[in-house]
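Below is one structure, written out as structure tokens; comments come after it.
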Amino acid sequence: MKPRLLITRQVFDEVIEHLTPHFEIQSNQADEEWSRAELLARVADKDALFVVTSDRVDAELLAAAPRLRIVATGSVGFNHIDLAACAARGIVVSNTPDVLNEATADMAWALLMAAARRVCESEHWLRAGQWKRWAFDQFLGADVWRSTIGIIGMGRIGSAVARRARGFDMRILYCNRSAAPNEAELGAQRVSLDELLAQADHVVLVVPYSPATHHLIGAEQLARMKPTATLINIARGGVVDDAALAQALRAGRPAAAGLDVFENEPALNPALLELPNVALTPHIGSATRSSRVCMAMLAAENLVAFAQGRPLPTPVGGR
Ligand code: DGY
């Protein structure tokens, strides 16, 4: 008998085709919004689980899933999964590193450019019929070319952001727990968080969320930034204190922000919605078709490897 797999969200047809020979699948192809109780009921008889970042895999869920042996998340981030609780039950966990690096770095740049050059703000103004004449001082933004970028978290996505910064002839500062092995190749200089905040014109957050990075950027850190700077968060909600950021943006320091992730998303801090100087996107950092198909396929490949008794291609915690 094939192992039973639950897929919590709608996935691409080719992913279902790839999994079908190996699993008895229950998939949410209608993309219904399941309550927590429904999710717990559905997982009760499953051996394998394919989740996304909005599915909390914690002790409560594991207790409701006595047969569960593998959790594959269709994301690089895994802060929604209680790894210790999984390990205690002998449940293996996989994620989808690498395949989304370039798409996510592109998105950091889309938000950086939008925030620095006031793209969203001026577009709303134009759509509202306010554009009557051109003026020298209309929507003056911040320079990007030859400015200083500060990248917080120089992993694979951070490096991809830095490579793009070279094309803009930027000075590249970064802050990371350890020196990046590709530091020389990227022409990047490692500095402390405080130095980075004081010197960067554009600060990009690319760190994973954990208790150690919770509110890494709060009121104190925002006050250290240049008044003309921009802050970009493509990492995770919770790395930035959104309430403190809204207050800082209202006061004009930093000048602007670009946010793809939020505390308690999809609910947003309402103060952010009121502000003109923040570009907001709904967690679409990796949202290109090729990138999302690769993510879902990699999650599926981990599940197939599990079903065939092979080592997982991308287990959380290293290959
Ligand atoms: C990830 O992979 O962790 C992204 O945030 C989901 O798109």
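Positions are given from 1 along the sequence. Order of appearance sets the numbers: ligands from 1, and atoms from 1 within every ligand.
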Report summary line: Checking heavy atoms under 4.0 Å, the part of H80 that sits near ligand 1 is neither

Requested in this report: Out of G237, S291, S286, indicate the one that has the non-hydrogen atom closest to atom 7 (O) of ligand 1.
Outcome: S286

**Report entry** Residues D47, R69: salt bridge by 4.0 Å N-O rule
**Finding:** no

Query raised in the report: Below 3.5 angstrom, do we get any N/O pair linking G77 and ligand 1?
Result: yes

Query - Salt-bridge criterion met for E102 and R164 (N-O under 4.0 Å) - result: yes

**Report entry** Nearest protein heavy atom with distance in Å, relative to atom 6 (C) of ligand 1
**Finding:** H283 NE2, 3.6 Å

Report summary line: Numbered in order shown, the ligand 1 atoms found under 4.0 Å of a heavy atom of L100 are 2 (O)

Query raised in the report: Just which atoms of ligand 1 are under 4.0 Å from any heavy atom in R292?
Result: 7 (O)

Query raised in the report: In terms of ring plane angle, is the pair F139 and W125 parallel, tilted or perpendicular, where the classes change at 30° and 60°?
Result: perpendicular

Query raised in the report: Between the main-chain N or O of N176 and the side-chain N or O of R190, is there a donor-acceptor pair closer than 3.5 Å?
Result: yes

Query raised in the report: Considering only protein heavy atoms, which is closest to atom 2 (O) of ligand 1, and at what distance to one decimal place?
Result: V76 N, 2.7 Å

Requested in this report: Name the closest protein heavy atom to atom 3 (O) of ligand 1, giving the residue it belongs to and the distance to 0.1 Å.
Outcome: R236 NH2, 2.7 Å

Report task. Please step through side chain to side chain contact (heavy atoms under 4.5 Å, CB included) for the pair L259 and L245, ending with a clear verdict. Result -> CA-CA 11 Å; L259 308 176; L245 176 61; 3.8 Å; yes

**Report entry** SB check K226 D201 (cutoff 4.0 Å)
**Finding:** yes

**Report entry** Main-chain N/O of A223 paired to R253 side chain as donor or acceptor, under 3.5 Å
**Finding:** yes

Query raised in the report: Less than 3.5 Å between some nitrogen or oxygen of T53 and one of ligand 1, yes or no?
Result: no

Report task. Go through ligand 1 atom by atom and flag the ones less than 4.0 Å from a non-hydrogen atom of S75. Result -> 1 (C), 2 (O), 3 (O)

Requested in this report: Answer yes or no: is there an ion pair linking R36 with D58, defined by an N-O contact shorter than 4.0 Å?
Outcome: yes

Report task. For M295, counting its heavy atoms only, list the atoms of ligand 1 lying under 4.0 Å from any of them. Result -> 2 (O), 7 (O)

